[in-house]
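Numbering of residues begins at 1 and proceeds along the displayed sequence. Heavy atoms only: backbone and side chains are in, while hydrogens, waters and symmetry mates are out. Every number for a ligand or one of its atoms is a count from 1 in the order of the listing. Every value quoted in this text rests on a predicted model; they were computed, and no experiment measured them.
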Amino acid sequence: MTDHVITAVDKGVLTLTLNRPEKKNALTDAMYKALADGIEQAERDPAIRVVLFRANGDAFTAGNDLADFAAAGNAPANSGNGGLQSNVTRFLENLAKAEKPLIAAVNGLAVGVGVTMLLHCDLAYAGESATLQMPFVNLGLIPEAGSTLLLPRLVGLQKAADLFLTGKKIGAAKAEAIGIIADVFPDAELQAEALARAETLAAKAPTAVKLTKALLKGDDRAAVLAQQKKEGAHFAAQLRSAEVKEAISAFFEKRAPDFSKVS
Ligand SMILES: C/C=C/C(=O)SCCNC(=O)CCNC(=O)[C@H](O)C(C)(C)COP(=O)(O)OP(=O)(O)OC[C@H]1O[C@@H](n2cnc3c(N)ncnc32)[C@H](O)[C@@H]1OP(=O)(O)O
């Protein structure tokens, strides 16, 4: 159990609220566990029709907790903790496997997995001041969640490379224009709008909704899960690299990383 994710069910909507605002909702293993458990609970419970991801504070999420990455990178190779933690993997797999609709309300910053998870959401809404960034390469890492398959399909190879290789930030309007975000709302209206849409969807005919989602996703699930596995293997190797050690040290020392000496 963690207080850093608040789980609530109302009117057919399972709401998972990220609640670690003092760390910009950076995701710890316990938080991934709560998110993975939440999706499984929704899939099991016929009374739950929709999952809504939202966040308290001024950021959606700063992505994976970098201290956890540093610890995983330093763990003995045979400790079972030398790659993505099992709850991260479970969360990413559950996103890809979910049969019920997933909705996200993105306020403020969404970084790393905070963006790649949106590629699995059927409806991702954002506040107008939201920014999205996938700085995996800047951290010495590679993108995950099947995003190396999903993003280029969604936005084209050039735009996907631009986002992944530069790690640049984009605003909500741009994210909507390229298809990552379904709709943008004034910041003050985002949460109410996303909840209202989730509740409306939860009241619709559940089998028709599930079948429509399945048809929209096509036959992609196996390919996405296979891509997650490929990404995960590279990710685990990179976590142990000098590149990641330098990038994470630089983050906590509040300086720019220096990759000039890594080969
Ligand atoms: C499988 C998943 C992979 C991924 O998700 S990869 C992506 C990993 N995430 C990142 O690289 C983002 C790292 N964070 C940042 O770049 C910045 O932060 C932000 C741009 C998100 C926000 O910057 P600002 O508004 O200046 O806030 P602040 O003072 O940097 O952060 C407030 C407190 O939050 C902690 N924090 C922020 N992000 C993380 C994180 N990802 N892991 C651990 N801690 C984080 C900071 O250290 C600090 O804490 P203190 O107040 O104690 O100094």
Side-chain angles (χ1 to χ4, degrees), residues 2 4-5 18-36 53 55-75 81-96 104 106-120 129-148 150-151 163-171 180 224 227-241 243-257 259:
T2 173
H4 290 154
V5 176
L18 306 178
N19 186 40
R20 198 187 177 208
E22 71 286 1
K23 296 288 181 188
K24 305 281 174 194
N25 293 316
L27 296 169
T28 60
D29 189 55
M31 292 168 76
Y32 283 115
K33 179 177 185 313
L35 295 172
F53 300 105
N56 285 340
D58 65 359
F60 181 61
T61 172
N64 204 104
D65 190 293
L66 292 178
D68 280 8
F69 274 166
N74 291 327
N81 191 30
L84 280 176
Q85 308 101 305
S86 62
N87 287 312
V88 186
T89 305
R90 202 158 63 83
F91 172 57
L92 300 181
E93 287 177 359
N94 286 352
L95 286 172
V106 181
N107 58 307
L109 288 158
V111 184
V113 68
V115 181
T116 57
M117 66 180 279
L118 303 180
L119 305 173
H120 295 274
S129 70
T131 59
L132 281 63
Q133 184 185 17
M134 292 177 286
F136 297 100
V137 167
N138 301 356
L139 289 166
L141 288 167
I142 53 109
E144 32 58 323
S147 60
T148 53
L150 293 170
L151 190 67
L163 292 172
F164 280 147
L165 294 178
T166 69
K168 74 189 204 185
K169 258 187 213 160
I170 56 168
I180 299 177
V224 171
Q227 192 77 359
Q228 287 188 356
K229 273 211 160 54
K230 263 196 229 171
E231 293 166 348
H234 290 301
F235 201 104
Q238 280 301 106
L239 265 184
R240 304 186 154 279
S241 68
E243 297 179 9
V244 167
K245 282 193 176 64
E246 167 57 12
I248 293 181
S249 301
F251 174 75
F252 286 115
E253 289 162 17
K254 299 189 191 295
R255 62 171 174 83
F259 296 117

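Looking at E246, its side chain never comes within 3.5 Å of a backbone N or O of P257 through a donor-acceptor pair. Under the 3.5 Å distance criterion, the side-chain polar atoms of H120 are matched with a main-chain donor or acceptor of A145. With hydrogens and angles disregarded, no donor-acceptor distance shorter than 3.5 Å links the side chain of D65 to the backbone of L27. For Q133 (side chain) and K168 (main-chain N/O), no donor-acceptor pair under 3.5 Å exists by modelled atom type. A donor-acceptor contact shorter than 3.5 Å is absent between the side chain of E144 and the backbone of F235.
In this comparison of R20, K24, K254, the heavy atom closest to atom 53 (O) of ligand 1 sits on K254. Considering F251, F91, F235 only, the shortest heavy-atom separation from atom 14 (N) of ligand 1 involves F251. Comparing heavy-atom distances from atom 8 (C) of ligand 1 across A62, G167, G112, A145 singles out A62 as nearest.
Side-chain contact between L139 and F251 is absent, with no heavy atoms from C-beta onward closer than 4.5 Å.
Geometrically, ligand 1 and F69 share no nitrogen or oxygen pair separated by less than 3.5 Å. Looking at Y32 next to ligand 1, no N or O pair under 3.5 Å apart turns up. Residue V113 places at least one N or O, backbone or side chain, under 3.5 Å from an N or O of ligand 1. The distance criterion of under 3.5 Å between nitrogen or oxygen atoms is not met by L139 with respect to ligand 1. For the pair E144 and ligand 1, the shortest N or O to N or O distance does not fall below 3.5 Å.
Ring pair Y32/F91 is tilted by interplanar angle, where 30° to 60° counts as tilted.
At a 4.0 Å heavy-atom cut-off, ligand 1 touches A26 through the side chain alone. Contacts of E22 with ligand 1, taken as heavy-atom pairs under 4.0 Å, involve the backbone alone. Residue L109 touches ligand 1 through its side chain alone, judged by heavy-atom distances below 4.0 Å.
Close approach of ligand 1 to V111 (heavy-atom distance below 4.0 Å) involves ligand atoms 9 (N), 10 (C), 12 (C). Those atoms of ligand 1 that come under 4.0 Å of a heavy atom in F136, given as number and element, are 3 (C), 4 (C), 6 (S). Those atoms of ligand 1 that come under 4.0 Å of a heavy atom in G63, given as number and element, are 5 (O).
Counted within 6.0 Å of NZ on K169, heavy atoms from surrounding residues, nucleotides or ligands total 12 or fewer; the atom is thus considered open.
Screening L18, N107, N19 for a side-chain contact (heavy atoms from CB on, under 4.5 Å) with N56, the sole residue that qualifies is N19.
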